[in-house]
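Reviewing the structure listed below.
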Amino acid sequence: MTNYIFSNHDTTALAKKYSTPLYVISQDIIEKSINEIKTAFENENIEYSINYAGKAFLNTAMAKIVNKNGINLDVVSEGELLTALAAGLPAERITFHGSNKTDREITLAINSGVGKITIDSVDEIKRVDTIARSLGKVQKVHIRVSPGVEAHTHEYIQTGKTDSKFGIPLSQAIQSAIMCKEAENINLTGIHCHIGSSIAAVDPFGVTMRVMLELFYNIRTLDIPLTDINLGGGFGVVYLKGDTRFDVNAYTKLLRKELDSYIAKSPDKTVPKIMVEPGRFIISEAGITLYTVGTVKEIPGIRKYVSVDGSLADNPRPALYQAVYDAVVANKYDEEPVECVTISGRACETDTLIKDITLPVLERGDILAVKCTGAYNYSMASNYNRLAKPAVVLLKGDKDELMVKRETVQQVMQNDVIPSWLEE
């Protein structure tokens, strides 16, 4: 009997060693994806910066991997920023994002020396300037604009359209740039956008690039020496057979074409640095989740339910976005898929992880490996039903070690407080 091998590791052995549910992350696959992006930009001779989007998956070890590979990091909270700093990532390689930053977060970001704060609203310009002045510092900033481009993704993750909580509408971008210029304690160095997530085609980025180039040069005519255009992330990955993986080589060729075309007709020959913010593309395919099969329940003529020891608490994406995953039976990898089943979680909900997947006959104790779970599983995990969060194991070559310990129920309960009137 053949077991499922992920990144040169026997997944059934990992399940036995660390128990389940278990997140498994491959550093080798992470680094392969990072290098794929680097090579694509370098082949087109584009000055670039890769900013890993920490929201997809972040802990101290992941921040160290980011640092080791010479790329930068996007954070959106105090917790993400402090994690990065604790890992030794230089503050100047961190960008602080967020559509509703608190004054505390802005103060912490500036005091920490972050490379950039991405301003997400007109109101935030004055707030960042005021806080920077109170600290006696000048803070580099980008302004995030909504370019009006709608990528074909789930409506909850379309973030570049005009009607969005994210970014400054394109119609207000020039005035916002002027406000930044007039502010004494901020230095506007670039413009930013993000058009959505899980985008398979490169064409929307061509349209976006033209919009951003026009804005870039229009702002420069105001004697504001912009240097950067940040096109965000959103590169799609393969969740299911037949999905199209984002072609970073085609993407950079398209960017090169748009750059050359615009610069050729512009009196300003400044070539912007292009920044990208891949999160899912770097981490998603580098992760799997291992579960142990529990109850198997067949409703004759209707459906066969196979329950696992995980739930929407460790993977909320099917419930949030109707996300669909592929899976294999790790300890029966060479057996023929013969029956259609629905994989259910253990939460007290209609907790469907995968609906209607054809697998080998499943029995209690089998190990199920769900693929492509590196992004937005661990990072969005909860304690629903007071379930403890799974451990995370990092693989590198033939080595495997914990990068996050398994949470205990005692840790879930540790912040509980009993009001005085409930004390006996």
Side-chain angles (χ1 to χ4, degrees), residues 11 14-16 18-24 55-57 59 79 154-157 239-240 284 287-331 339-393 404-419 422:
T11 55
L14 291 173
K16 183 177 180 179
Y18 295 102
S19 78
T20 61
L22 181 69
Y23 298 120
V24 181
K55 64 177 183 172
F57 175 87
N59 47 53
H154 192 287
E155 64 176 317
Y156 294 165
I157 49 178
Y239 283 106
L240 301 173
S284 191
I288 62 170
T289 306
L290 301 178
Y291 299 109
T292 300
V293 171
T295 299
V296 178
K297 172 185 175 180
E298 185 164 11
I299 305 175
I302 298 178
R303 189 176 305 280
K304 189 171 187 178
Y305 287 95
V306 175
S307 294
V308 294
D309 56 353
S311 69
L312 60 76
D314 61 77
N315 184 0
R317 294 189 68 252
L320 284 175
Y321 304 138
Q322 294 77 57
V324 184
Y325 288 89
D326 192 15
V328 297
V329 185
N331 58 307
E339 62 178 4
C340 181
V341 299
T342 287
I343 306 299
S344 294
R346 58 165 298 177
C348 192
E349 299 282 340
T350 302
D351 186 14
T352 300
L353 293 178
I354 306 175
K355 183 179 181 181
D356 295 341
I357 182 172
T358 302
L359 295 170
V361 175
L362 284 158
E363 304 167 283
R364 188 176 189 87
D366 284 340
I367 303 299
L368 190 75
V370 180
K371 298 180 180 180
C372 205
T373 61
Y376 303 107
N377 281 231
Y378 165 78
S379 68
M380 298 178 80
S382 74
N383 293 121
Y384 181 60
N385 286 159
R386 304 238 94 175
L387 294 172
K389 294 174 186 174
V392 188
V393 169
V404 179
K405 294 179 182 178
R406 185 174 301 279
E407 193 175 36
T408 66
V409 174
Q410 288 70 32
Q411 288 170 323
V412 175
M413 297 169 58
Q414 68 185 355
N415 290 326
D416 289 1
V417 177
I418 300 174
L422 293 178

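- Applying the salt bridge (charged side-chain N to carboxylate O under 4.0 Å, His left out) test to residues at least two apart or on different chains, none of the pairs has a partner in residues 340-350.
- Shown here are the side-chain hydrogen bond (donor to acceptor under 3.5 Å, both in side chains) partners of Thr289, two or more places apart in sequence or in another chain: Thr373.
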Show every donor-acceptor pair shorter than 3.5 Å between a side-chain atom in residues 290-302 and any protein atom, with sequence neighbours excluded, or say none if there are none.
{"residue": "Tyr291", "atom": "OH", "partner": "Asp314", "partner atom": "OD1", "Å": "2.5"}
{"residue": "Thr292", "atom": "OG1", "partner": "Thr20", "partner atom": "OG1", "Å": "2.6"}

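- By the side-chain contact (heavy atoms from CB on, under 4.5 Å) test, Asp416 is found to be paired with Arg386, Met413, residues two or more places apart in sequence or in another chain being considered.
- The side-chain hydrogen bond (donor to acceptor under 3.5 Å, both in side chains) check on Tyr305 picks up nothing, with sequence neighbours excluded.
- Scored by the side-chain hydrogen bond (donor to acceptor under 3.5 Å, both in side chains) test, Ser19 finds Arg406 as partners (sequence neighbours excluded).
- Judged as a side-chain contact (heavy atoms from CB on, under 4.5 Å), and not counting sequence neighbours, the contacts of Ala381 are Tyr23, Lys389.
- For Asn383, the side-chain hydrogen bond (donor to acceptor under 3.5 Å, both in side chains) partners at least two apart in sequence or on another chain are Glu407.
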Report task. Take Val306 and Thr342 through the side chain to side chain contact (heavy atoms under 4.5 Å, CB included) test and state the conclusion after the steps. Result -> CA-CA 6 Å; Val306 175; Thr342 287; over 6 Å; no
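- When the shell of 6.0 Å around CD1 of Ile418 is examined, it contains 12 or fewer heavy atoms from other residues, nucleotides or ligands.
- Between the side chain of Asp326 and the main chain of Lys371, no donor-acceptor pair closer than 3.5 Å is present.
- Across all non-hydrogen atoms, the minimal contact from Ser311 to Leu387 is OG-CD1, 3.5 Å.
- Taking Val404 as the reference, Asn59, Tyr378, Val392 meet the side-chain contact (heavy atoms from CB on, under 4.5 Å) condition, with sequence neighbours excluded.
- Applying the salt bridge (charged side-chain N to carboxylate O under 4.0 Å, His left out) test to Glu339 and every residue at least two apart in sequence or in another chain returns Lys304.
- The minimum heavy-atom distance linking Ser284 with Cys372 is given by the pair OG-SG, 3.1 Å.
- When all heavy atoms of Ser379 and Ala56 are compared, the closest pair comes out as OG-O, 3.1 Å.
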Distance-only criterion, 3.5 Å: show the donor-acceptor pairs between side-chain atoms of residues 353-365 and protein atoms not counting sequence neighbours.
{"residue": "Asp356", "atom": "OD1", "partner": "Arg303", "partner atom": "NH1", "Å": "2.6"}
{"residue": "Glu363", "atom": "OE1", "partner": "Lys332", "partner atom": "NZ", "Å": "2.8"}

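- When side chains are defined from C-beta on, Thr11 does not count as touching Ile367, because their heavy atoms never get closer than 4.5 Å.
- Of all heavy-atom pairs spanning Leu22 and Ala391, the tightest one is CD1-O, 3.7 Å.
- Checked by atom type and distance alone, the side chain of Thr352 never pairs as donor or acceptor with a backbone atom of Ser344 at under 3.5 Å.
- Residues satisfying the ring-ring contact (aromatic ring centres under 6.0 Å, His included) criterion with Tyr325, sequence neighbours excluded, are Tyr239.
- Looking at Asn315, its side chain does come within 3.5 Å of a backbone N or O of Arg317 through a donor-acceptor pair.
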